[in-house]
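Worksheet: one structure, shown below.
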There are 4 protein chains.
Amino acid sequence: MKQDFHSSKPIYLQIADQIFFRLVRKELFPGDKLPSVREMAIQTKVNPNTIQRTYSEMERLGIVETRRGQGTFITEKAGIVDELKERLTREVCESFVMQMKELGLTKEEMLEGIEKHAEGGRK
Amino acid sequence: MKQDFHSSKPIYLQIADQIFFRLVRKELFPGDKLPSVREMAIQTKVNPNTIQRTYSEMERLGIVETRRGQGTFITEKAGIVDELKERLTREVCESFVMQMKELGLTKEEMLEGIEKHAEGGRK
Amino acid sequence: MKQDFHSSKPIYLQIADQIFFRLVRKELFPGDKLPSVREMAIQTKVNPNTIQRTYSEMERLGIVETRRGQGTFITEKAGIVDELKERLTREVCESFVMQMKELGLTKEEMLEGIEKHAEGGRK
Amino acid sequence: MKQDFHSSKPIYLQIADQIFFRLVRKELFPGDKLPSVREMAIQTKVNPNTIQRTYSEMERLGIVETRRGQGTFITEKAGIVDELKERLTREVCESFVMQMKELGLTKEEMLEGIEKHAEGGRK
DNA sequence: GTGGTCTAGACCACA
DNA sequence: GTGGTCTAGACCACG
């Protein structure tokens with residue numbers, strides 16, 4: 001639940017990613033209610049406006065829905081989680097492969113690189 | 001030599017990355033003179049100040065040296081390229097592994113994911 | 001808060017030095033918020049970009065931290081001030097001693113020279 | 001005889017300083033002929049234009065004289081060395097005292113600082 | 001309102 | 001010609 005204030009990725013997207021990851025890891029489920037903007041702001045120690053933006057962004061992507069007066073909920077649409085997992089996995093892999101190719105590494109070296117770092121800490 | 005003007009990564013860092021990649025791929029060598037700030041600005045179609053910043057950043061990282069009135073050169077220090085390659089590779093791999101772990105995937109699934117995407121285009 | 005526009009030392013570094021000096025003289029404390037880039041630009045009568053550069057440089061040295069949208073703050077890390085004072089003092093002394101030695105003066109003559117000039121104005 | 005290519009002090013002045021120091025240390029005497037611009041450029045590994053400028057500057061200060069077709073010589077005027085030594089010493093001391101005062105140090109601390117660093121290497 | 005990036009254009013010292 | 005600094009002014013994402 002830590003934000004990197006110096007990353008080029010905006011904080012509001014970092015927080016969205018964290019929620020996506022929790023969904024994919026089954027720590028969160030379709031239909032679950034997310035903390036209120038205020039509550040979430042306290043938990044993550046960022047400005048409520050930032051959380052507002054996180055929620056808007058997730059709504060735009062169809063991952064959550066806001067119900068007036070009730071709060072923000074994970075969309076119940078079938079397959080939402082699998083879709084998300086599929087999408088995130090693809091993005092991460094594609095980005096990885098592209099960067100490694102730019103470094104001139106072969107597929108074998110990529111696999112090797114992962115073996116070497118797979119034991120690394122969570123940062 | 002194309003920049004993505006809409007990426008969240010600043011142009012001046014994108015250009016630095018491109019130079020790093022060319023170094024690692026042996027298209028550029030220690031001791032080589034980089035194009036002058038103005039020349040590079042024309043090639044990359046950005047403002048000279050942006051290139052200035054690229055070069056400053058690379059100097060800060062010890063990859064290049066500037067000699068007043070003469071130009072900017074790749075550092076001649078032995079091992080600079082391997083060091084750089086090592087560092088860039090590590091960064092990319094660690095980031096990948098971390099993200100995949102956050103998606104709850106095992107090492108096997110990571111390797112599989114790469115196999116699936118390794119044939120993808122260069123961007 | 002005056003800058004010397006004709007010094008060979010860049011303005012952005014002169015301003016950084018002034019802030020360092022204020023920190024060391026306890027006129028500024030860890031955790032303090034510095035004036036915003038624009039505000040500082042007005043105070044020092046230079047362009048905001050110049051202040052931006054001052055702040056970047058200080059961040060690079062670990063003296064300040066910027067929090068996006070909030071401002072720039074003196075780093076809270078313990079010992080930051082003593083470290084800085086120590087470093088600045090060392091730099092000044094070493095440079096002095098080196099130059100005096102190049103003039104062929106003995107330690108006694110150095111001490112004497114200081115006695116003679118210690119009453120001089122602050123510039 | 002080393003130049004610092006990254007100092008804010010221009011190379012041509014660094015070289016002038018080195019000559020001044022040699023004069024003051026009696027390694028060089030009034031009436032001595034300095035190496036030709038070309039020769040000096042080779043010795044110091046800088047561009048001949050830079051040496052040209054060094055010589056011009058020293059001439060402007062009355063330390064050297066150029067005699068057409070013969071070369072550049074240290075001025076023979078009486079007292080030139082003592083004057084120079086006096087001036088350089090004063091400049092170095094004043095600058096030192098000013099900087100130390102800006103750091104909020106007392107005269108005692110200055111003397112102490114020198115004691116501590118007087119044994120330090122020549123850089 | 002905050003910092004960050006970028007452009008355009010200028011001037012300078014240096015080589 | 002080279003890099004370095006500075007200004008002016010703009011736009012942007014973020015908080």
Side-chain angles (χ1 to χ4, degrees), chain A residues 3 5-15 41 44-54 57, chain B residues 3 5-15 33-41 44-56 59 64-73, chain C residues 3 5-15 33-41 44-56 59 64-73, chain D residues 3 5-15 41 44-54 57:
Chain A
Q3 273 63 51
F5 285 86
H6 290 84
S7 161
S8 69
K9 172 166 275 189
I11 293 171
Y12 79 97
L13 288 182
Q14 292 181 38
I15 295 173
T44 53
K45 292 178 184 160
V46 301
N47 190 299
N49 287 336
T50 306
I51 302 298
Q52 188 58 264
R53 199 155 179 182
T54 299
E57 179 65 13
Chain B
Q3 273 61 53
F5 287 85
H6 296 90
S7 163
S8 68
K9 171 168 274 193
I11 295 174
Y12 78 96
L13 288 182
Q14 291 181 40
I15 296 173
K33 182 180 181 304
L34 291 178
S36 78
V37 169
R38 290 156 173 87
E39 172 58 25
M40 191 61 146
T44 53
K45 294 178 183 158
V46 301
N47 189 286
N49 284 330
T50 305
I51 301 298
Q52 186 71 270
R53 197 161 179 190
T54 298
Y55 284 11
S56 300
E59 179 158 35
V64 305
E65 279 171 10
T66 66
R67 300 180 206 144
R68 287 204 290 212
Q70 299 182 241
T72 303
F73 301 79
Chain C
Q3 273 61 53
F5 287 86
H6 296 90
S7 163
S8 67
K9 172 166 273 191
I11 296 173
Y12 78 96
L13 289 181
Q14 291 181 39
I15 296 174
K33 181 179 182 307
L34 292 178
S36 78
V37 168
R38 289 155 174 87
E39 172 58 24
M40 191 61 147
T44 52
K45 294 178 184 160
V46 300
N47 189 285
N49 284 332
T50 304
I51 301 298
Q52 186 70 268
R53 197 161 178 189
T54 298
Y55 284 11
S56 300
E59 178 159 35
V64 305
E65 278 170 11
T66 65
R67 300 181 205 143
R68 288 203 289 212
Q70 298 182 243
T72 303
F73 301 80
Chain D
Q3 273 64 52
F5 285 86
H6 291 83
S7 162
S8 69
K9 172 167 278 192
I11 292 171
Y12 79 98
L13 288 181
Q14 291 180 38
I15 295 173
T44 54
K45 291 178 185 162
V46 301
N47 190 298
N49 287 336
T50 307
I51 302 298
Q52 189 57 265
R53 200 157 180 179
T54 299
E57 178 67 12

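We use all heavy atoms of the structure for the numbers below, so side chains are in, but hydrogens, waters and symmetry mates are not. Note on naming: letters A, B, ... go to the chains in the order of the sequence lines (proteins, then strands), and numbering restarts at 1 for each one.
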Set of side-chain contact (heavy atoms from CB on, under 4.5 Å) partners for D/Asn49, sequence neighbours left out: D/Asn47
Between D/Ile11 and B/Arg68, what is the shortest heavy-atom contact and its length? N-NH2, 3.3 Å
Residues at least two apart in sequence or cross-chain that pass side-chain contact (heavy atoms from CB on, under 4.5 Å) with B/Pro35, listed by chain then number, are B/Glu39, B/Met40, B/Gln43, B/Tyr55
For the student: nearest non-hydrogen atoms of B/Gln70 and B/Lys33, plus distance: O-CE, 3.2 Å
Applying the Watson-Crick and G-U criteria (both distances under 3.5 angstrom) with [ ] for crossing and | for other-strand pairs, one obtains for DNA chain E ||||||||||||||.
Taking C/Val46's backbone N and O only, do any of them form a donor-acceptor pair with C/Thr50's side chain (distance below 3.5 Å, no angle check)? no
Please list, chain by chain and in numerical order, all residues satisfying side-chain contact (heavy atoms from CB on, under 4.5 Å) with B/Ser7, sequence neighbours excluded. B/Asp4, B/Lys9, B/Gln14
With sequence neighbours excluded, residues passing side-chain contact (heavy atoms from CB on, under 4.5 Å) with A/Glu57: A/Tyr12, A/Leu13, A/Arg60, A/Leu61
Which parts of nucleotides 2-7 of chain E does protein reach within less than 4.0 Å, heavy atoms only, written one letter per nucleotide 5' to 3' as B for base, S for sugar-phosphate only and - for none? BBBBBB
